[in-house]
Structures are given as C-alpha cells and as structure tokens.
Amino acid sequence: QKEVEQDPGPLSVPEGAIVSLNCTYSNSAFQYFMWYRQYSRKGPELLMYTYSSGNKEDGRFTAQVDKSSKYISLFIRDSQPSDSATYLCAMSRSNDYKLSFGAGTTVTVRA
Amino acid sequence: DTGVSQDPRHKITKRGQNVTFRCDPISEHNRLYWYRQTLGQGPEFLTYFQNEAQLEKSRLLSDRFSAERPKGSFSTLEIQRTEQGDSAMYLCASSLLANTDTQYFGPGTRLTVL
C-alpha cells in the first residue's frame, strides 16, 4: 500500500463547476500538506500549503486537512478551462522534509 | 527569471550511456531536492542537499546514480550505464531552510533511454 493514495481520475467538469479533489494517507507523522498543479510536461507548481489540521482559502481554492481521518481535500470554485491540469497532493513530516506525493488527478474543465 | 532552472530539458540516450543533468536552484535557497516522476505517477524523492552536504538518499538511488552540489549552489545528477527503466522526468526543487516545506520545482529534465 502506498503512503499517499489519490484517485487518478480523470475528472471532467463544465466551466463554472466546483472541482473536488482528495487524498488519503497512512502515515500519522505527516504534518505539512500541499497541493501542486502540474501542466503537461511541466514541473509542479505550488498551489496551497497547510500545516496540521484545518482549512485554508486562497481565491477560488480551498484546502482542507482532517488529520483524525488522514484525509485532505482541495476545492476549486468557479472552475475555468485554464484550471485543466494534473493536481498532486503532497505531504511531509515535521523533521523530514522530503515530500511524499499522490499519483495525481487529471482534471479537464470544459468550456 | 529567478525560478529553478534545469538543463537540458530533454535528453535522449542509448542504453549503457552516461548522462548528467544540471539544476540551478532559486538564489539563496539552502536546500535542493531531486525527484523522479514516471508517467501517471507523482514525483518520488531521490535525494536532497542542505548547502553542499547530501543529507539523505532514497533506496531508489542505485549505485549508478550520483548527485553533487559542490559549492552549495547548482547541483548535478549523473546516471551511469543508463537502463530503459531510467526513462522518466527528473525534477529538481529548492527551498529556504527557514521555510523548508515550501519546495519550488523546476521544469524538469525528460530522459528517454532507447
């Protein structure tokens, strides 16, 4: 079993819809949680960064972390065709800074 | 451009050849990381440096792989005697020691071993 599980999709939604992405993990030592966006054949771009449990909002993006359930989510409101990409969840422990990634979910927003 | 840069962006080589990739981190970033990403998967950690010291290596990094960061600035990743299984995207990331969990990635080097 992988340390971080993420539904690979693909996910296709109409423009303006809410996109919901999630990851589960098995290692309770993870304290830092991130979401990256990756366009085809490009490097990952940091979208959201959260420490421990709670919610964080940045524009159209909301990240949620529930450590008791070992579950994290990313919501994209008012989705745009430019949001079409692969979204990767990532996490790390407090004293070990290498990132463990999910497999990524490919999202297509249809105009 | 002050982001992480990687060179080359693409490399095609024949099995058994040696290849070397370069990563230039964001200026003043103390930590530098290498990851490998295969199609349909998330990046997997290979190794990381704090300044010029290599602090950790994944067991994914076989004896054919070596990484250096000689002056604590740019880094190189060398693969000797390449195998078809080495075909992947090799990603470099950097971060500030004061904010080590925010890693910024470069565009990657895509390696194809024929």
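Chain A is the first sequence line, chain B the second, and so forth, proteins listed ahead of strands; every chain is numbered from 1.
Both B:Leu77 and B:Leu60 are part of a single hydrophobic cluster, where members link through side-chain heavy atoms under 4.5 Å apart. A chain of hydrophobic side-chain contacts below 4.5 Å, direct or via other Ile, Leu, Val, Met, Phe, Trp or Tyr residues, connects B:Trp34 to B:Leu111. Placement of A:Val13 and A:Tyr87 within a single hydrophobic cluster is found when ILVMFWY residues are connected by side-chain heavy-atom separations under 4.5 Å, directly or transitively. Hydrophobic clustering (ILVMFWY, side-chain heavy atoms < 4.5 Å, transitive): B:Tyr90 and B:Tyr48 are in distinct clusters. Under the 4.5 Å side-chain heavy-atom criterion for grouping Ile, Leu, Val, Met, Phe, Trp and Tyr, A:Val65 is not connected to A:Tyr49 through any hydrophobic cluster.
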Show the numbers, then the answer: is there a side chain to side chain contact (heavy atoms under 4.5 Å, CB included) between A:Glu45 and B:Phe105?
CA-CA 7 Å; A:Glu45 170 194 9; B:Phe105 282 81; over 6 Å; no
Would you sort out whether A:Tyr36 and B:Gln103 count as a side chain to side chain contact (heavy atoms under 4.5 Å, CB included), showing the intermediate values?
CA-CA 10 Å; A:Tyr36 285 84; B:Gln103 295 181 25; 3.7 Å; yes
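Of residues 102-111 of chain A, those residues with a non-hydrogen atom less than 4.5 Å from any non-hydrogen atom of chain B are, in numerical order, A:Gly102, A:Ala103. Within residues 35-46 of chain B, the residues having any heavy atom under 4.5 Å from a heavy atom of chain A are, by residue number, B:Tyr35, B:Gln37, B:Gly40, B:Gln41, B:Gly42, B:Pro43, B:Phe45.
Atom NZ of A:Lys67 is surrounded by more than 12 heavy atoms from other residues, nucleotides or ligands within 6.0 Å. Within a 6.0 Å sphere centred on CG of B:Leu55, heavy atoms belonging to other residues, nucleotides or ligands number more than 12. Annotation for A:Ile18: atom CD1 does not count as buried by contact number, only 12 or fewer foreign heavy atoms lying within 6.0 Å. In the displayed structure, A:Gln80 atom CD is contacted under 6.0 Å by more than 12 heavy atoms of other residues, nucleotides or ligands.
Atom OG of B:Ser95 and atom CG of A:Leu99 lie 8.5 Å apart (nearest 0.5 Å). Here the OH atom belonging to A:Tyr97 is positioned 12.5 Å from the CD atom belonging to B:Glu56, to the nearest 0.5 angstrom. Atom NZ of A:Lys98 and atom OG1 of B:Thr47 lie 10.0 Å apart (nearest 0.5 Å).
Residues B:Arg110 and A:Arg41 approach most closely at NE-NH1, 2.9 Å, considering heavy atoms. Closest heavy-atom contact between A:Gly43 and B:Leu91: CA-CD2, 4.0 Å.
Applying the side-chain contact (heavy atoms from CB on, under 4.5 Å) rule to B:Ser87 yields the partners B:Val113; only residues at least two apart in sequence or on another chain are considered.
If you tally non-hydrogen atom pairs under 4.5 Å between each of A:Lys42, A:Gln6, A:Gln38, A:Gln31 and chain B, the highest count goes to A:Gln38.
Looking at A:Pro8, neither its backbone nor its side chain comes within 4.5 Å of chain B, counting heavy atoms on both sides.
The stretch residues 11-27 of chain B participates, sequence neighbours left out, in these side-chain hydrogen bond (donor to acceptor under 3.5 Å, both in side chains) pairs: B:Arg22-B:Asp24.
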